[in-house]
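Here the structure comes first, spelled out in structure tokens, and everything after it is commentary.
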Number of protein chains: 2
Amino acid sequence: MPDHLIRKLEHFTRLSAADRLALHGLARSVRAVGRHQDLLRDGDSPRHVSLVLEGWACRYKQLEDGRRQIVAHVLPGDFCDGYLLVLRALDHAVGTLTPVRVAEIPSTALMEVLDQHPRIMQALWWETLVAAAIQREWTVSLGQRTALERVAHLFCELFWRLRMIGLTEGDTCPLPLTQVEIADTLGLTNVHVNRMLHQMRGAGLIVLKSKRLTILDLPALQDIALFNAGYLHLGREGSHLDAEG
Amino acid sequence: MPDHLIRKLEHFTRLSAADRLALHGLARSVRAVGRHQDLLRDGDSPRHVSLVLEGWACRYKQLEDGRRQIVAHVLPGDFCDGYLLVLRALDHAVGTLTPVRVAEIPSTALMEVLDQHPRIMQALWWETLVAAAIQREWTVSLGQRTALERVAHLFCELFWRLRMIGLTEGDTCPLPLTQVEIADTLGLTNVHVNRMLHQMRGAGLIVLKSKRLTILDLPALQDIALFNAGYLHLGREGSHLDAEG
DNA sequence: CGATTTATTGAGAGGGGTCAAATAATGTGG
DNA sequence: CCACATTATTTGACCCCTCTCAATAAATCG
């Protein structure tokens with residue numbers, strides 16, 4: 001089941017059959033959760049680690065007066081937490097954006113796998129660092145990019161991340177976000193997101209319909225977004241750790 | 001020398017004398033660097049790990065057209081990299097904001113210490129997760145907070161971080177940032193930062209002079225900033241790992 | 001097919017940006 | 001320690017990108 005996770009990790013290093021088997025063994029207990037539910041609440045300290053197998057979720061923080069900021073998108077193959085081995089309490093919430101299937105992994109089981117499979121340990125370490133790099137790039141977007149550039153950049157990033165886990169088809173990918181959710185991601189209002197989408201459609205850059213995004217001209221979109229994929233570290237940077245065969 | 005690092009880590013768990021000794025052993029080779037120099041450039045892949053002993057630096061990303069965003073402040077006791085054990089190339093630059101003294105630690109020496117001192121390993125893991133939490137909070141600031149709230153939040157965060165490493169005196173701390181650098185941190189212009197400072201001074205909240213910040217009313221400043229220190233995870237969350245004595 | 005969510009569009013307002021110039025602080029060489 | 005150059009701060013006037021408010025249209029869903 002954790003095919004997306006495996007596919008993602010293999011952008012870092014090639015796993016052995018035993019590695020893959022171990023990862024499959026982790027996704028034993030699976031839970032289905034509906035749309036717009038909280039998987040984790042701010043302040044929680046869950047006992048197990050959750051891995052999203054299918055569907056989209058997001059990390060978000062809410063200010064006292066109601067303002068909400070989505071701080072990360074959690075796609076299939078992403079962990080919800082993974083931090084709780086060290087930190088006592090979560091400093092943000094995790095909510096579903098679509099119906100989701102999550103594997104609940106006892107932290108002892110995860111630790112055992114990490115001990116016995118150093119290649120997985122390295123790959124998950126890489127995964128953590130890429131997540132941090134994405135967070136930094138979001139800081140750049142919110143701090144420096146205009147509204148149009150932000151939307152374009154988000155679409156480029158999601159397209160690359162989805163392609164990494166095999167969820168694109170040609171120039172098309174799922175995009176189950178509402179305009180309000182895009183706005184909460186980019187620090188904009190839904191009204192202005194709508195206007196930017198209008199503009200991008202008018203320029204023949206994208207088609208967005210029925211929760212699917214088609215990028216008609218990826219190079220042009222990347223130019224507009226000042227998008228540079230380097231921060232996603234997709235160059236198989238752990239190839240020296242590759243498994244044989 | 002790495003007193004600030006030790007002081008910071010002890011907000012997570014109490015280290016043993018041997019742990020502290022091992023950390024001191026790491027800071028053998030020290031380099032002095034002037035103000036406004038790059039310690040690391042985007043794309044670099046340094047061989048050793050750098051620890052800031054004194055002075056301030058920042059991580060930053062620059063867009064092709066010159067727009068610059070500071071994505072993190074690197075204070076005494078912070079690592080510049082620490083990632084390079086896994087990632088091949090840096091996705092951002094690190095530059096000094098003041099003259100700086102950095103320890104250059106061979107990655108093999110660091111790995112040895114981590115192997116022999118699991119408590120340090122855990123504490124550095126905590127440190128990494130706190131850095132990620134700070135990055136998320138910056139996403140919230142840039143996405144949702146107004147200019148005034150952003151400046152107030154930054155000052156609260158820096159004050160707490162500096163207090164954590166023993167660099168505050170009462171309600172005062174160093175603040176060597178120029179208004180341009182504050183602006184590049186918060187996604188504002190230096191002109192508008194200046195106006196917000198004017199407003200905060202007028203409200204009797206702060207004094208900022210000769211690169212020192214005095215917070216006259218911390219609770220009020222935190223209210224304005226919607227600041228909640230939870231994300232800094234200062235509650236000695238690793239106390240179950242405490243060394244004896 | 002009615003009910004609710006989501007997307008779309010318009011008009012008006014404001015927070016923060018841009019441009020420009022003056023003042024103050026800091027640094028440097030003699 | 002001063003004269004000068006450089007860097008940093010401060011302030012004003014004007015503008016524009018994005019927000020707010022509001023109303024309508026279109027999807028989506030039981």
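Here is how names work: the chains are called A, B, and so on, in the same order as the sequence lines, proteins then strands, and each is numbered from 1.
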Are more than 12 heavy atoms, taken from residues, nucleotides or ligands other than [X], located less than 6.0 Å from that residue's [atom1] atom?
| X | atom1 | answer |
| --- | --- | --- |
| A:R41 | CZ | no |
| B:H24 | NE2 | yes |
| A:R212 | CZ | yes |

Derivation of the side chain to side chain contact (heavy atoms under 4.5 Å, CB included) call for B:L213 and B:V207: CA-CA 6 Å; B:L213 169 70; B:V207 174; over 6 Å; no
Looking at A:R195 and D:dT20, is any side-chain donor or acceptor paired with a base atom of the opposite kind under 3.5 Å? yes
Output yes when [X] and [Y] qualify as a salt bridge under the 4.0 Å nitrogen-oxygen rule, no when they do not.
| X | Y | value |
| --- | --- | --- |
| B:R163 | B:E169 | no |
| B:R28 | B:E104 | no |
| A:D78 | A:R161 | yes |

With a 4.0 Å limit, can you tell me whether B:R35 has a side-chain N or O closer than that to the phosphate oxygens OP1/OP2 of D:dA8?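 Checking B:R35 against D:dA8: at least one side-chain N or O falls below 4.0 Å of OP1 or OP2.
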Considering just the side-chain nitrogens and oxygens of B:N194, establish if one lies under 4.0 Å of OP1 or OP2 belonging to D:dT10. yes
Length of the line joining [X]:[atom1] and [N]:[atom2], which is rounded to integer Å:
| X | N | atom1 | atom2 | result |
| --- | --- | --- | --- | --- |
| B:K211 | D:dA8 | NZ | P | 7 Å |
| B:H192 | D:dA13 | NE2 | P | 17 Å |
| B:K209 | D:dA8 | NZ | C1' | 16 Å |
| B:N190 | D:dA8 | CG | P | 11 Å |
| B:M196 | D:dT10 | CE | P | 13 Å |
| A:R145 | D:dT18 | CZ | C1' | 18 Å |

Give me the ring orientation class for A:H153 and A:Y231: parallel if the planes are under 30° apart, tilted from 30 to 60°, perpendicular past 60°.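 The arrangement is parallel - the two ring planes meet at less than 30°.
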For DNA chain C, note the earliest and the latest nucleotide, 5' to 3', having some atom under 4.0 Å of a heavy atom belonging to chain B. C:dG16 to C:dC19
Pick base, sugar-phosphate or nothing for A:R201, based on heavy-atom distances below 4.0 Å to the nucleic acid.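 The residue A:R201 makes sugar-phosphate contact but no base contact.
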Any base atoms under 4.0 Å from A:L197, or only sugar-phosphate, or nothing? Heavy atoms, all strands. nothing
Relative to the 5' end of DNA chain D, which residue comes earlier, A:S210 or A:V193, by the nucleotide with the nearest heavy atom?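 Checking each residue's closest nucleotide, the 5'-ward one belongs to A:V193.
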Tell me which one of B:T189, B:N190, B:N194 satisfies side chain to side chain donor-acceptor pair (under 3.5 Å) with B:Q179. B:N194
Of residues 171-186 of chain B, the positions that come close to DNA chain D - non-hydrogen atoms, cut-off under 4.0 Å: B:T178, B:Q179
